Amino acid sequence: MAPVTDLPRATTWYTHLLGRPADTHPMPSLAEWQLTPDTWLQLFHSPEHAGSTLINIGVPDLDSALAELAERGLEADTSQEGAGGTVRFAALHDPEGNRVTLIEGRG
(Lines give C-alpha, C1' and ligand atoms only; values in the text may rest on other atoms or scores of the structure.)
Protein backbone atom coordinates (compact mmCIF):
# COMPACT_ATOMS: atom_id res chain seq x y z
CA MET A 1 0.00 0.00 0.00
CA ALA A 2 1.24 3.45 -0.88
CA PRO A 3 -0.30 6.41 0.93
CA VAL A 4 -0.69 9.57 -1.17
CA THR A 5 -2.01 13.11 -0.83
CA ASP A 6 -3.21 13.46 -4.43
CA LEU A 7 -4.74 10.20 -5.66
CA PRO A 8 -5.38 11.30 -9.28
CA ARG A 9 -1.78 12.53 -9.71
CA ALA A 10 -0.36 9.39 -8.10
CA THR A 11 -2.64 7.14 -10.16
CA THR A 12 -1.35 8.78 -13.34
CA TRP A 13 2.28 8.27 -12.23
CA TYR A 14 1.73 4.58 -11.37
CA THR A 15 -0.08 4.11 -14.68
CA HIS A 16 3.16 5.24 -16.37
CA LEU A 17 5.25 3.08 -14.04
CA LEU A 18 3.22 -0.08 -14.63
CA GLY A 19 2.33 0.62 -18.26
CA ARG A 20 -1.42 0.27 -17.73
CA PRO A 21 -4.28 1.88 -15.83
CA ALA A 22 -5.41 0.66 -12.44
CA ASP A 23 -7.34 -2.59 -12.50
CA THR A 24 -9.94 -1.33 -10.07
CA HIS A 25 -11.06 1.67 -8.02
CA PRO A 26 -13.13 -0.05 -5.32
CA MET A 27 -13.78 3.27 -3.57
CA PRO A 28 -13.01 6.93 -4.34
CA SER A 29 -9.92 6.93 -2.09
CA LEU A 30 -8.32 3.76 -3.51
CA ALA A 31 -6.72 2.55 -6.78
CA GLU A 32 -5.44 -1.01 -7.25
CA TRP A 33 -3.25 -2.91 -9.71
CA GLN A 34 -3.00 -6.69 -9.67
CA LEU A 35 0.68 -7.44 -10.31
CA THR A 36 0.54 -11.24 -9.98
CA PRO A 37 -2.29 -13.62 -9.05
CA ASP A 38 -1.39 -13.08 -5.37
CA THR A 39 0.07 -9.54 -5.39
CA TRP A 40 -1.70 -6.18 -5.46
CA LEU A 41 -0.35 -2.64 -5.40
CA GLN A 42 -2.74 -0.23 -3.74
CA LEU A 43 -2.69 3.57 -3.64
CA PHE A 44 -4.84 5.19 -1.02
CA HIS A 45 -5.56 8.75 0.00
CA SER A 46 -3.80 9.28 3.34
CA PRO A 47 -2.04 12.67 3.49
CA GLU A 48 -0.67 12.07 6.99
CA HIS A 49 1.30 9.01 5.79
CA ALA A 50 2.20 10.01 2.22
CA GLY A 51 5.82 9.53 1.21
CA SER A 52 6.60 6.93 3.88
CA THR A 53 6.37 3.70 1.88
CA LEU A 54 8.99 1.44 0.30
CA ILE A 55 7.72 -0.68 -2.58
CA ASN A 56 9.80 -3.48 -4.13
CA ILE A 57 8.82 -4.87 -7.53
CA GLY A 58 10.59 -7.87 -9.02
CA VAL A 59 11.43 -7.64 -12.72
CA PRO A 60 12.93 -10.35 -14.95
CA ASP A 61 15.25 -7.93 -16.78
CA LEU A 62 16.21 -4.68 -15.05
CA ASP A 63 17.78 -3.08 -18.13
CA SER A 64 14.63 -3.69 -20.20
CA ALA A 65 12.42 -2.40 -17.39
CA LEU A 66 14.48 0.78 -17.06
CA ALA A 67 14.39 1.33 -20.83
CA GLU A 68 10.59 0.95 -20.84
CA LEU A 69 10.28 3.43 -17.96
CA ALA A 70 12.47 5.94 -19.79
CA GLU A 71 10.15 5.65 -22.83
CA ARG A 72 7.25 6.49 -20.50
CA GLY A 73 9.09 9.52 -19.10
CA LEU A 74 10.22 7.99 -15.79
CA GLU A 75 13.87 7.91 -14.76
CA ALA A 76 15.29 5.69 -12.04
CA ASP A 77 18.56 6.05 -10.17
CA THR A 78 21.61 4.30 -11.58
CA SER A 79 21.29 0.54 -11.15
CA GLN A 80 23.31 -1.10 -8.40
CA GLU A 81 24.40 -4.61 -7.61
CA GLY A 82 23.47 -6.08 -4.26
CA ALA A 83 25.90 -7.78 -1.92
CA GLY A 84 27.09 -11.08 -3.30
CA GLY A 85 25.98 -10.19 -6.82
CA THR A 86 22.68 -12.05 -6.49
CA VAL A 87 20.48 -9.04 -7.30
CA ARG A 88 20.53 -5.80 -9.24
CA PHE A 89 18.22 -2.93 -8.41
CA ALA A 90 17.32 0.64 -9.24
CA ALA A 91 14.96 2.99 -7.42
CA LEU A 92 12.74 5.90 -8.25
CA HIS A 93 10.28 7.96 -6.22
CA ASP A 94 6.65 8.65 -6.90
CA PRO A 95 5.36 12.26 -6.71
CA GLU A 96 4.60 11.74 -3.01
CA GLY A 97 8.12 10.56 -2.14
CA ASN A 98 7.30 6.87 -1.80
CA ARG A 99 10.33 4.84 -2.95
CA VAL A 100 9.78 2.21 -5.66
CA THR A 101 12.67 -0.22 -6.18
CA LEU A 102 12.85 -2.51 -9.20
CA ILE A 103 14.76 -5.69 -8.38
CA GLU A 104 16.21 -8.26 -10.75
CA GLY A 105 17.21 -11.54 -9.12
CA ARG A 106 20.21 -13.39 -10.48
CA GLY A 107 20.29 -17.14 -10.18
Side-chain angles (χ1 to χ4, degrees):
M1 296 180 102
V4 299
T5 59
D6 185 335
L7 186 61
R9 178 180 70 169
T11 300
T12 297
W13 190 88
Y14 279 89
T15 294
H16 291 302
L17 175 73
L18 299 171
R20 61 187 173 87
D23 294 309
T24 184
H25 296 269
M27 59 186 71
S29 62
L30 185 65
E32 299 179 318
W33 286 261
Q34 187 169 13
L35 302 180
T36 71
D38 299 320
T39 307
W40 290 81
L41 173 64
Q42 296 179 317
L43 301 181
F44 66 101
H45 183 255
S46 180
E48 63 276 11
H49 298 106
S52 63
T53 297
L54 304 173
I55 299 168
N56 295 325
I57 299 175
V59 296
D61 182 333
L62 183 60
D63 294 327
S64 293
L66 295 175
E68 287 178 26
L69 288 180
E71 289 175 7
R72 296 182 205 139
L74 300 177
E75 296 292 330
D77 296 339
T78 303
S79 64
Q80 301 178 38
E81 194 166 301
T86 60
V87 298
R88 289 178 56 225
F89 60 92
L92 59 161
H93 292 84
D94 73 13
E96 305 288 340
N98 296 305
R99 182 183 170 111
V100 178
T101 303
L102 304 178
I103 303 171
E104 171 193 270
R106 293 181 160 176

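Since the structure is predicted, the reported quantities are computational estimates derived from the model, not experimental observations.
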Specify the closest pair of heavy atoms between [X] and [Y], including all atoms of both residues, with the distance to one decimal.
X: Leu7; Y: Phe44; result: CD1-N, 4.4 Å
X: Ala90; Y: Ser79; result: CB-CA, 4.0 Å
X: Glu75; Y: Ala70; result: OE2-CB, 3.6 Å
X: Ala65; Y: Leu102; result: CB-CD1, 4.3 Å
X: Thr101; Y: Ala91; result: OG1-CB, 3.7 Å
X: Ala31; Y: Thr11; result: CB-OG1, 3.8 Å

Report yes if some heavy atom in the side chain of [X] is under 4.5 Å from a heavy atom in the side chain of [Y]; otherwise report no.
X: Ile55; Y: Asp94; answer: no
X: Glu104; Y: Asp63; answer: no
X: Gln34; Y: Thr24; answer: no
X: Phe89; Y: Asp77; answer: no

As an exercise, state the distance from [atom1] of [X] to [atom2] of [Y], rounded to the nearest 0.5 Å.
X: Leu30; Y: Gln42; atom1: CG; atom2: CD; answer: 5.0 Å
X: Arg72; Y: Thr15; atom1: CZ; atom2: OG1; answer: 10.0 Å
X: Leu43; Y: Asp6; atom1: CG; atom2: CG; answer: 11.0 Å

Checklist entry - Above 12 or not: heavy atoms from other molecules or residues under 6.0 Å from NE2 of His45? => result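 Count over threshold, so yes.
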
Checklist entry - Is there a donor-acceptor pair under 3.5 Å between the side chain of His25 and the backbone N or O of Glu32? => result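 Absent.
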
Item to check | Main-chain N/O of His49 paired to Ser52 side chain as donor or acceptor, under 3.5 Å | outcome: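 Yes; at least one donor-acceptor contact below 3.5 Å.
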
Item to check | Working for side chain to side chain contact (heavy atoms under 4.5 Å, CB included), residues Leu35 and Leu18 | outcome: CA-CA 9 Å; Leu35 302 180; Leu18 299 171; 4.0 Å; yes

Item to check | Pair Thr53-Met1, side chain to side chain contact (heavy atoms under 4.5 Å, CB included): steps then yes or no | outcome: CA-CA 8 Å; Thr53 297; Met1 296 180 102; over 6 Å; no

Item to check | side chain to side chain contact (heavy atoms under 4.5 Å, CB included) between Leu92 and Trp13, intermediate numbers included | outcome: CA-CA 11 Å; Leu92 59 161; Trp13 190 88; 3.5 Å; yes

Checklist entry - Out of curiosity, does Leu66 fall in the hydrophobic cluster containing Val87 (side-chain heavy atoms, cut-off under 4.5 Å, transitive links)? => result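 Each belongs to a different hydrophobic cluster.
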
Checklist entry - Do Trp33 and Ile103 belong together in a cluster built from hydrophobic side chains that touch within less than 4.5 Å? => result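 Each belongs to a different hydrophobic cluster.
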
Checklist entry - When you look at Asn98 and Tyr14, which way does the side chain to side chain contact (heavy atoms under 4.5 Å, CB included) test go after all the steps? => result CA-CA 11 Å; Asn98 296 305; Tyr14 279 89; 4.2 Å; yes

